[in-house]
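Single-structure report; data block below.
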Amino acid sequence: MENNSSIALLVSYATKGGDGPHSYKQNSSIQRGIIEAARKLTQDSIAENFDPKTLSGSSPIPICIADLGCSAGPNTYFAVQHIIEAIEFQYQSHGLPVPEFQVFFNDQFPNDFNTLFGNFPLKRNYFAAGVPGSFYGRLFPKESICFFHSSSALHSISEVPKEITEKTSAAWNKGRIHYANAPKEVFGAYANQYQKDMEAFLHCRAQELVGNGLMVLQIPTIPDEILDPNVYAGKDFELLGSCLVDMAKVGLVTEEKVDSFNLPIFHSTAKDLKEIFEKNDDFIIEKMEAIGSPNLFPEDVHIMIKHWRAGLQGLIESHFGEGIVDELFDRFTKKVVESPEIVKETMQGLVVLFVLLKRKPHDA
Ligand SMILES: C[S@@+](CC[C@H](N)C(=O)[O-])C[C@H]1O[C@@H](n2cnc3c(N)ncnc32)[C@H](O)[C@@H]1O
């Protein structure tokens with residue numbers, strides 16, 4: 001296995017586990033909507049590009065599939081089922097016996113794998129295993145996976161860029177938790193980190209995927225035509241950060257804690273992502289298009305807020321400790337209700353990209 005020297009710096013946090021009112025399980029209908037909206041594209045991609053006769057690698061049978069950033073369910077079950085149905089069909093239509101399937105469910109170490117496996121669909125036609133660890137490093141043996149899938153996860157970066165937490169740096173992000181309305185150096189540091197991470201992601205997957213294997217990614221991005229992503233993107237996070245600053249003013253958290261907290265999230269444009277994919281010699285971009293559903297994000301801001309909380313609570317608690325999340329989200333809810341257009345505009349401005357990459361044969 002490759003030595004990944006930056007492993008100690010990797011951010012490791014998880015969505016809210018269990019099945020309580022704040023859990024990811026109860027608050028992930030938007031991400032489910034993305035998987036449903038991508039279903040036809042995914043299945044068509046398999047029909048057009050997954051050829052059982054051309055797969056190479058040490059063990060294409062059983063067919064190994066991995067969902068990267070699967071969380072604690074239930075959305076991953078649906079994504080995996082769509083993929084297996086389409087691959088089975090490929091075998092049948094080539095007159096080949098349907099193979100056995102092995103599915104690997106990957107997420108960060110603190111992910112609630114118990115809830116994930118405890119709620120598995122009763123009827124499933126695959127063997128399942130959990131693979132904890134960051135998808136920015138190696139997760140699987142060489143040429144062992146035929147199909148990678150990842151949905152709503154590749155906007156997370158592996159670590160907060162160091163310079164934005166350093167007081168002496170031009171990129172010090174004092175009093176903010178993200179890059180909206182921050183000095184351009186902050187945005188630049190995030191953008192560099194994202195590029196490095198995506199390159200590492202592609203490098204690792206290229207080794208793990210069999211020749212002619214496929215990778216389907218659904219990635220939240222911002223439109224190419226946004227002139228200043230530094231101003232546009234992350235208005236919602238700017239509002240959340242302002243609540244933490246308010247809490248510091250009344251002594252509920254320390255200013256130092258707020259200054260050292262930054263969200264490991266970055267929204268690229270499709271154009272920049274395409275450049276990163278094109279620079280990689282191991283993959284062919286077979287498809288890259290926006291998922292065309294105007295209704296991915298709910299009108300009701302309270303639903304949005306619950307989704308944010310389910311996604312961010314673990315991260316916030318790992319930095320500030322338990323006990324501030326209720327207060328923080330009460331304050332955030334008040335601000336969002338006062339100016340709901342900020343959140344709606346930000347969310348409705350996100351473009352979810354569907355990307356299909358094909359691994360070139362390994363000896364090509
Ligand atoms: C918004 S959830 C999406 C979950 C699921 N794919 C879905 O569509 O519902 C993002 C998931 O990606 C995981 N994640 C983020 N960064 C990761 C990394 N570097 N390695 C593995 N998982 C990661 C998070 O822990 C989280 O469970």
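Position 1 is the first residue of the sequence, and the numbers go up from there. Both ligands and their constituent atoms are indexed starting at 1 by order of listing.
Cation-pi contact between Arg32 and Phe78: present, with separation from the ring centre below 6.0 Å and deviation from the ring axis of at most 45°.
When only interatomic distances are considered, the shortest N/O to N/O separation between Ser28 and ligand 1 does not fall below 3.5 Å. Considering backbone and side-chain atoms alike, Asn106 places every N or O at 3.5 Å or more from each N or O of ligand 1. Below 3.5 Å of separation, one finds an N or O of Asp107 facing an N or O of ligand 1. Distances between N or O atoms of Ser151 and those of ligand 1 include at least one value under 3.5 Å. Residue Asp67 has no nitrogen or oxygen atom sitting less than 3.5 Å from a nitrogen or oxygen atom of ligand 1, judged on distance alone. Where the criterion is an N or O separation shorter than 3.5 Å, residue side chain and backbone included, Leu68 fails it with respect to ligand 1.
Residue Ile35 has at least one heavy-atom neighbour below 4.0 Å for each of these atoms of ligand 1: 8 (O). Using a 4.0 Å cut-off to heavy atoms of Ser71, the atoms of ligand 1 that qualify are 4 (C), 27 (O). Atoms of ligand 1 lying under 4.0 Å from at least one heavy atom of Tyr136, given by number and element, are 19 (N). The distance from ligand 1 to the heavy atoms of Asn75 drops below 4.0 Å at these ligand atoms: 7 (C), 9 (O). Every atom of ligand 1 with a heavy atom of Gly133 under 4.0 Å away is listed here by number and element: 20 (N), 21 (C). If you number the atoms of ligand 1 from 1 as listed, the ones under 4.0 Å from a heavy atom of Thr15 come out as 26 (C), 27 (O). Of all the atoms in ligand 1, the ones that sit under 4.0 Å from a non-hydrogen atom of Ser152 are 1 (C), 2 (S), 3 (C), 10 (C).
A donor-acceptor pair under 3.5 Å is formed between the side chain of Ser339 and the backbone N or O of Lys335. Under a 3.5 Å cut-off, the side chain of Thr221 and the backbone N or O of Val351 do form a donor-acceptor pair. Checking side-chain atoms of Asp112 against main-chain N and O of Thr115 turns up a donor-acceptor pair under 3.5 Å. Side-chain atoms of His319 come within 3.5 Å of backbone N or O of Lys257 as a donor-acceptor pair.
Taking the six-membered ring for Trp and thresholds of 30 and 60 degrees, Trp308 and Phe332 have ring planes more than 60 degrees apart, a perpendicular arrangement. By the 30° and 60° cut-offs, the orientation of the rings of Phe105 relative to Tyr126 is tilted. By the 30° and 60° cut-offs, the orientation of the rings of Phe237 relative to His267 is parallel. In this structure, Phe140 and Phe148 have tilted ring planes: the angle between them lies in the 30° to 60° band.
Of all the heavy atoms of Ile34, none lies under 4.0 Å from any atom of ligand 1, so neither backbone nor side chain is involved. When non-hydrogen atoms are compared, ligand 1 lies under 4.0 Å from the side chain of Ser156 (C-beta onward) but not from its backbone. Contacts with ligand 1 closer than 4.0 Å are made by no heavy atom of Ser150, backbone or side chain.
For the residue pair Ser260 and Thr165, no side-chain donor N or O sits within less than 3.5 Å of a side-chain acceptor on the partner.
Residues Phe117 and Phe120 place their aromatic rings such that the two centres sit under 6.0 Å apart.
Note on ligand 1: Cys70 sits in its first shell, one or more heavy atoms being nearer than 4.0 Å. Ligand 1 lies nowhere less than 4.0 angstrom from a heavy atom belonging to Pro264.
For atom 18 (C) of ligand 1, the candidate residues are Tyr77, Phe135, Phe78; the nearest heavy-atom contact is made by Phe135.
We find that Glu275 and Lys279 are not joined by a salt bridge, their nearest charged nitrogen and carboxylate oxygen being 4.0 Å or further apart.
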